[in-house]
Amino acid sequence: MLGTPSVFIRTSGCNLRCVWCDTPYTSWKPEGNDWSIEKILRQIEGYPSRHVVITGGEPLLAPGIETLTYRLKNSGAHITIETAATIFKNVTCDLASVSPKLSNSTPWRKANGRFAKMHESRRLNYAVVQKFIDTYDYQLKFVVDQKKDFTEIQELLGNLNNVDRARVLIMAQGKTRKQLRAKARWIVESCKQAGFGYTPRLHIELFGNRPGT
Ligand code: SF4
């Protein structure tokens, strides 16, 4: 839940290349060092919060992710895992924060478009999204850039079963406070009409867009 003090585990590596990716150090140009599961668990123990958010990149690509989530749960953690839901793994979690990518994410004009076809072929896997919905307590989160994105979301939801619309959250696309605020009002109005929730990018409001936040 927004505002809950949480420890973040950010894995590096992603099978998508969203044009507006706000963590390119985990996707377009992955960085970081290998950490053992033991080292991660020890580090987590040093924080007072029991809420752990596992994000990326795409955390389901990380070797040992099933073991890590299982052991975290056994240690008493409340686990949220954030995924684009292009692949499925039997992780242990209290909340699956599922963020299927809309067509606004495809990098047709970035890097001479060389990742566009790969991204486009992977970004939406209905069977996997459905499996997350059917398996876990979930929320569905969409990054919206333009008003027409709401039409795309409605079409997408029409291809899924048993979606609780109260669990659909909309986030503005933007990397600065100015960009986010410019979109917030019309997105909120569209959310009210559709029955979706609006979620701000609190970390950008508080800290700006920088690694470690
Ligand atoms: S899925 Fe997430 S980490 Fe991967 S490219 Fe898209 S925004 Fe970046």
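When a ligand or atom number is given, it counts from 1 through the structure's own listing order. All heavy atoms count here, side chains included; hydrogens, waters and symmetry mates do not. No experiment lies behind these values; they were computed from the predicted model shown.
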**Asked** Would Glu189 and Lys192 pass as an ion pair if we require N to O under 4.0 Å?
**Response** yes

**Prompt:** Pro30 and Gly13: which non-hydrogen atoms are nearest, and at how many Å?
**Reply:** CB-N, 4.4 Å

**Request:** Decide yes or no on side-chain hydrogen bond (donor to acceptor under 3.5 Å, both in side chains) for Lys101 and Ser99, but give the supporting numbers first.
**Result:** CA-CA 6 Å; Lys101 298 300 179 270; Ser99 182; 3.0 Å; yes

**Asked** Of the protein's non-hydrogen atoms, which lies at the shortest distance from atom 8 (Fe) of ligand 1, and what is that distance?
**Response** Cys21 SG, 2.3 Å

**Message:** Give me the nearest non-hydrogen protein atom to atom 4 (Fe) of ligand 1 as residue plus atom name, then the distance to 0.1 Å.
**Reply:** Cys14 SG, 2.3 Å

**Request:** Only heavy atoms count here, so choose which of Lys101, Gln173, Glu82 is nearest to atom 2 (Fe) of ligand 1.
**Result:** Lys101

**Asked** Between Glu58 and Thr86, do the side chains contain an N or O donor and an N or O acceptor separated by less than 3.5 Å?
**Response** no

**Item:** Any N, O or S atom of Cys18 closer than 2.8 Å to atom 6 (Fe) of ligand 1
**Value:** yes

**Request:** Would you mind running through ligand 1 and noting each atom that sits below 4.0 Å from a heavy atom of Thr23?
**Result:** 3 (S)

**Element-labelled atoms of ligand 1 that are located less than 4.0 Å from some non-hydrogen atom of Ser27** = 5 (S), 8 (Fe)

**Item:** Sidechain N-carboxylate O distance under 4.0 Å for Glu38, Arg71
**Value:** yes

